[in-house]
Structure formats: structure tokens, C-alpha cells
> 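I have a structure I would like to understand better, so I am pasting it below and will then ask my questions one at a time.
First listed ligand is number 1; within each ligand, the first listed atom is number 1.
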Amino acid sequence: MEMKDMNYARFITAVSAARKVSPIRAMTDLLMRSPPSVISLAGGSPNPDTFPFKSASLTLTDGSTLEIKESMMKRALQYSASPGISELISWLKDLQKNLHNPPTMTYSPEKGQMELCITTGSQDGLSKVFEMLINPGDNVLLDSPTYAGTLTALKPLGCNLIGLPTDQHGIIPQALKDILSRWQPIDAAKPERSCPKILYTIPNGGNPTGASLTTERKEEIYQLAQQYDLLIIEDDPYYFLQFNKPWTPSFLSMDVDGRVIRADSMSKILSSGLRLGFLTGPKPLIDRIVLHIQSSTLHTSTFTQIMALQLLQKWGQEGFLKHIDSVIHFYKTQRDAMIGSAEKWLSGLAEWHSPSAGMFLWMKINGISDTHQLIMLKAISNEVLLVPGSAFNLDSEEPSSYVRASYSLSSPEKIDQGLQRLASLIIEERKLSKH
Ligand code: PLP
């Protein structure tokens, strides 16, 4: 793909543009890099000798242990650099290089060189990305339906959400093209103000739809992003939960221009409670995010970063990917169990596509125009919990005939019982509506 020049200033909101380096945080970064001979009377860090924790020993599922010794524990309990601790950043940059080989890796910083920062879960990173890029009244393109957490972050910003039609392979490029044809392809000298500037998508195992974009679709979407000068926000927490290999190339891997911000998450593979995510994207934009971190969390918990780092260093990339394989094996087996039960109980009552990634089965219930009542009242009282499709509609008032079922937590036996209960409810509902 031919490379286009980016003008990052065009995308930045007034709030984000006004962010300045915090002098205290800059000092912390300097301190981190100083040799031991430096006497610091500068930092506002508390003295870790006063902290009640001394060391930690974590037992892994394979029976081995991770020791966080006294000196490391002091570091883990102390303030640290806003972008994340440097060894973890290096480890993750290496991972990104190997998995995505982003063209931007070799660019100069101003041209959009690949940069990475650690966030408190990917949700934290995404909400900061939205704040950096979205002004009230902006048009924003996104999958419809989409992850409810994204909608909660976007809606208060007062932007206009333009839902993109999707099928089991995610966004339909022709539909995106038709929507974009309302505007002129971008003229860098005088961009149309109302033309959308960002496209948000969940490319693999979409939440709620389970949909995954194909390589061809991603290429078409990237080309449209080039034509209309869109930034692509690639929210990919289910990347590591792709059941079939080779994994589909990411938008980051195609990013010749430096127009992709990728959000990764450790939530589905290491732990959701650790709250670890990372953003990868062009340096001018990641630098803005770090300024936001400086004024909000200061940094993601040093303790959880050290915990993850120790594990990743012990494993190496090979061990990490081996672990991922075992996670994939688990979810794939769960998916197969749910599909088997759906075929057993719901054939003729509902329709679905088997997801090739992620944790969700998205089912269209035949003959029911809105599943809200069925799920929120009847299913709950019949002791089966599901999410009604309307929770993921851009306009939550709109009805939805869909239901999201997750195969992450319940055993195959429970999944089977759950779908059996759902089937009886649908049958009952249909009888009622006939009378
Ligand atoms: N994006 C999507 C599509 C998700 O499904 C989730 C969590 O379910 C998140 C982001 C947030 O993940 P994290 O735990 O990394 O904040």
C-alpha cells in the first residue's frame, strides 16, 4: 500500500492539545534513569521502608513459583514512570514486532514511529484515546452493534455515532464505502469538518457478535481510511483468542501511514483483575495519551506490572505463546460445547454463526422482535443469565431480536442446561404471542 503523510494535529481535541508535561512526573522519569550515585532530594515518593509489605511468592498453575524479593518488592510498591515500566514496555514492543511487524517500527518519531504505553486495562486506554480524538458533534464510525463499555465511554462525549452494518465477518466494506461517499475523499488542504475522523472496530471475536474481520476486508477498510484520512482504533482484546491459525493480520500490521491505534488487553489471557492493557500506535498520539496518564492514574499499578513482567521474563515469548495456546484450547472446547447445545435445543428457534474467536455466541431469536423482556424478566426468574441484544445497540431504546451468550465461565453441562432453559422460554413466549 502506498504511504500517505499524516498530520496528527488535525485529529487532536482542544483538551488533549492543552495537556502539558507534569514537571513532577518528568522528574520521576529522570530519577528512574539516574545512577545510584545521584542524591535525590527532589522526588515526592514515599520511603518504601515504611511500607508493611516485604516480599511475595506467587505460585503458578504449573506448580513453579515467582519470587518478588525484597528489593524488587520495594520497586513494585513505589511510583513508576507514566508510560509503564521500561522492561515491560520493551518486552511488549518485541512481542508486537514479532506478531505484527508494523511498518511504522522504522519511521522517525514525527512520522508516526511505533510507540507503546501501558494502561490500566484496555478500557482505560480506549477512553483516553476517545478523549484525545473526539470533539462534541464529531461523526464517529463504529461496528453496530458494539461493546457496551465503548458506548458508555463514547456517548457522554456528545459525538454522533454512525453505526456500520456488519455480518459474521464484521464491518461490510461496501457499506462503509457507501456511508463515506456522503463526503469527499479528503483534501488535506481543506478537510471537510463533518467528515468522520475515526473508525473504531473490534476486529476479532467481536463483543457482542463474535464476528471476525477477514484479511481482505481489513485491507479494503484500511484503503478507505487512507482515502478519507481516518484513524483506525483497533480494539482487539480477543486477538489471542483466535481459534484458527494462522491468525488474521492486524490493522497495525498493515499500517504504512501510522493511522492505527491498537488496544491490547491482558484481561482474557493473564488476568482481568490485574488491569493490564497496552496501546500501540504512532508516537505523536501515544505521547498525548501518556500526558493524560500523567494527570489521571499517574501510571498503571507498578505491582501488577512487576507481576506480569516477572512472569513474561520467566516464560519468554515462546512460553507466553504456549500459554496462549492452552487458553485457546479451553475456549475452543467451550465454544464447541455451546454450539453443540445450541444445535440440540435451539435449532429452528434461533439462528447463529459459530464464532472463530472470542467468548461469545450471538443468537437471533426467531419470531421475537425484542428480547429485553424475555431475558431481563423471564430468563432471570428461570435462573439463566444472558444479555439482551439491545444492550449493544448504539441507540439502546431500539429493540433487538438478539441475545448474547458467553461460553467463558460455565461448564459444558451448565451451558447445556442454560440453553435448554432458554429454549423452553422461547417456546413459551411464542405460544403466548399466538394467543
Ligand atoms: N474492549 C472490548 C471489546 C471488550 O470486550 C472488553 C472487555 O470485555 C474491553 C475492551 C475491556 O477490557 P479490559 O479488561 O482490558 O479493560
> Is the count of non-hydrogen atoms from other residues, nucleotides or ligands lying under 6.0 Å from Q373 atom CD greater than 12?
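For Q373, atom CD is not crowded (no more than 12 foreign heavy atoms under 6.0 Å).
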
> Would you please write out the protein residues whose heavy atoms approach any atom of ligand 1 to under 4.0 angstrom, listed by chain and number?
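Those residues closer than 4.0 Å to ligand 1 by some heavy atom are G121, S122, Q123, Y147, I202, N207, D235, P237, Y238, S265, S267, K268, R275.
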
> Distance-only criterion, 3.5 Å: show the donor-acceptor pairs between side-chain atoms of residues 272-279 and protein atoms not counting sequence neighbours.
| unit_1 | atom_1 | unit_2 | atom_2 | d |
| --- | --- | --- | --- | --- |
| R275 | NH1 | S272 | O | 3.1 |

> Please determine whether a side-chain nitrogen of the Lys or Arg among K314 and D62 lies less than 4.0 Å from a carboxylate oxygen of the Asp or Glu.
no

> So is K93 actually on top of W91's ring, under 6.0 Å and inside 45° of the axis?
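That pair does not qualify as a cation-pi contact.
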
> Donor-acceptor pair, distance only, cut-off 3.5 Å: does the side chain of S127 make one with the backbone of D124?
yes

> Answer yes or no for R288 and F11: cation-pi contact, defined as NZ/CZ to six-membered ring centre under 6.0 Å and angle to ring axis within 45°.
no

